[in-house]
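Data block below; observations after.
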Amino acid sequence: MEKDGNKLPAELVVDHFKYSKENERLVQKSFWSKTRKFAGKIPFTKDAIAMYYCAIDAKTPLWAKGIAFGALAYFISPIDAIPDALLGLGLTDDAAIIAAGIRAIAGQVTDEHREKSEVFFNGEK
């Protein structure tokens with residue numbers, strides 16, 4: 001990411017995601033139901049799933065789990081900057097947060113996480 005003055009709003013939000021047990025519980029409880037609802041309809045589904053697998057991986061550092069669970073909790077939450085029900089716009093804020101989260105933890109999202117995402121996405125789960 002770039003210096004604070006050049007960051008996009010989503011990147012600034014992601015910078016403030018600290019590890020939160022509450023975010024982890026929310027993601028563990030609701031991630032799959034929301035993901036299944038939007039799978040194939042949004043371009044960032046594979047990234048969100050790879051981020052999920054990164055977040056639950058015991059080898060992932062706590063700082064990266066905080067960013068991943070924070071970004072995924074934002075995606076799951078019914079309360080966000082642009083309500084998901086608004087056609088054409090509702091998921092743009094979610095996409096921006098997921099993209100910023102993926103950039104922030106890019107070195108932690110492994111090929112294994114991406115492969116698991118592909119398996120889920122292709123219905124092989």
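Across all non-hydrogen atoms, the minimal contact from V109 to R114 is O-NH1, 2.9 Å. Closest of all the heavy-atom pairs between K65 and I56 is NZ-C, 3.9 Å. Nearest heavy atoms, S30 versus I76: CB-CG2, 3.4 Å.
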Enumerate, atom names and distances included, each donor-acceptor pair closer than 3.5 Å involving a side-chain atom of residues 57-64, sequence neighbours excluded.
from, atom 1, to, atom 2, distance (Å)
D57, OD1, K59, N, 2.8
D57, OD2, H113, NE2, 2.8
T60, OG1, C54, O, 2.6

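Side-chain contact between R36 and F120 is present, with heavy atoms from C-beta onward closer than 4.5 Å.
A salt bridge (charged side-chain N to carboxylate O under 4.0 Å, His left out) check over residues 44-53, counting only residues at least two apart or in different chains, returns the pairs K46-E118.
Q28 is linked by a side chain to side chain donor-acceptor pair (under 3.5 Å) to Y52, counting only residues two or more places apart in sequence or in another chain. In terms of the side chain to side chain contact (heavy atoms under 4.5 Å, CB included) criterion, residue partners of A48 (sequence neighbours excluded) are, by chain and number, F31, F44, L72, I98. Take E112 and apply the salt bridge (Lys or Arg N to Asp or Glu O under 4.0 Å) test, not counting sequence neighbours, and it matches K116. Checked against side chain to side chain contact (heavy atoms under 4.5 Å, CB included), K21 has the following partners two or more places apart in sequence or in another chain: Y19, E24, R25. Remark: A73 pairs with N23, L26, V27 by the side chain to side chain contact (heavy atoms under 4.5 Å, CB included) rule, at least two apart or across chains.
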